[in-house]
Amino acid sequence: MPKIETGKRYAIIVGVTEYEDEQFAPLKYAKNDAIRLATFLVTHGGFDQQRVCLLLNAITDSDSLPVACAIPPTRANLLERLNYLTRALEAEDLILFYFAGHGAEASKNPYLLTADTKMEVLQETAIRVTDLNDELGKSKARCILRIFDACRSPFGTGRGPLGRMTDGLQAAMMKSATGWASFSSCSSGGVAHESGEFEHGVFTYYLCEGLEGKAAN
């Protein structure tokens, strides 16, 4: 396959495994998902490790990170990285945003829940997906890829603490604009599952399997 010459490639990869608010169930494999995708991007996807930002918690000494360090997946950290990229990117650049964690809809607004989100003040402590879209829309980058592995609800451990994927959350996640592409682990009314066999979210597991060479084309 010929090498594709493009602008610089940036990624924000978020995996929220543990939540400060005990009302949100911890997730088993969000960290694994984020690390595996980031590793592929750095080793085979043409992403310089200096341009891949990992936001993770529950990191241990045995975790092999594809970048020099990871920062906690807090609301402030995520907003700071988004703000930086919207100012730094040029037209020929690409940005990939990936989120593995809980998603929810409250008062008809869709949210991604960061590690420090509080249920009682969710609107003030989570990331509203429409705000995420607005921030990405400020960028000059003509190619924006968003991947959401949220709304998991397997056997009491899920990425959708307030229920299944809702119409509003799906609409915000799948917002389209020129140069945008979006992927989601489930559609409205559905849930996304984690697998103890794979030690990953099922959606991200097969996404990475395909990227690593098992896709038909």
*Asks:* Test side-chain hydrogen bond (donor to acceptor under 3.5 Å, both in side chains) on Thr204 and Tyr98; report intermediate values, then the result.
*Replies:* CA-CA 10 Å; Thr204 297; Tyr98 170 88; 2.7 Å; yes
*Asks:* Say whether Arg81 and Asn77, considering side chains only, have a donor N or O and an acceptor N or O under 3.5 Å apart.
*Replies:*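 No, Asn77 and Arg81 have no side-chain donor paired with an acceptor closer than 3.5 Å.
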*Asks:* Assign the ring pair Phe97 / Phe99 to parallel, tilted or perpendicular, where the plane angle (0 to 90°) is split at 30° and 60°.
*Replies:* parallel
*Asks:* Not counting sequence neighbours, which residues clear salt bridge (Lys or Arg N to Asp or Glu O under 4.0 Å) with Asp131? List them please.
*Replies:*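 Partners of Asp131 by the salt bridge (Lys or Arg N to Asp or Glu O under 4.0 Å) criterion, ordered by chain and then number, come out as Arg128.
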*Asks:* Any side-chain to backbone donor/acceptor pair from Asp93 onto Gly7? Under 3.5 Å, distance only.
*Replies:* no
*Asks:* Given side chain to side chain contact (heavy atoms under 4.5 Å, CB included), test Asn133 with Arg146 step by step and report yes or no.
*Replies:* CA-CA 10 Å; Asn133 294 338; Arg146 302 174 312 148; 2.5 Å; yes
*Asks:* Under 4.0 Å between a Lys/Arg side-chain N and an Asp/Glu carboxylate O for Glu124 and Arg75?
*Replies:* no
*Asks:* Taking the basic N atoms (NZ, or NE/NH1/NH2) and the acidic carboxylate oxygens, is any pair closer than 4.0 Å for Glu199 and Arg36?
*Replies:*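 Between Arg36 and Glu199 there is no salt bridge, as every charged N stays at least 4.0 Å from the carboxylate O atoms.
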*Asks:* In plain terms, say whether Glu20 and Lys118 are close enough for a salt bridge, that is, a side-chain N and a carboxylate O under 4.0 Å apart.
*Replies:* yes
*Asks:* Would you say the side-chain atoms of Lys31 pair up with the backbone N or O of Ala58, donor to acceptor, closer than 3.5 Å?
*Replies:*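 Answer holds: yes.
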*Asks:* So does Leu122 get a backbone contact from the side chain of Thr117, meaning a donor-acceptor N/O pair under 3.5 Å?
*Replies:* no
*Asks:* With a 4.5 Å cut-off on side-chain heavy atoms, are Ile71 and Cys53 touching?
*Replies:* yes
*Asks:* Check whether the ring centres of Phe198 and Tyr206 lie less than 6.0 Å apart, and answer yes or no.
*Replies:* yes
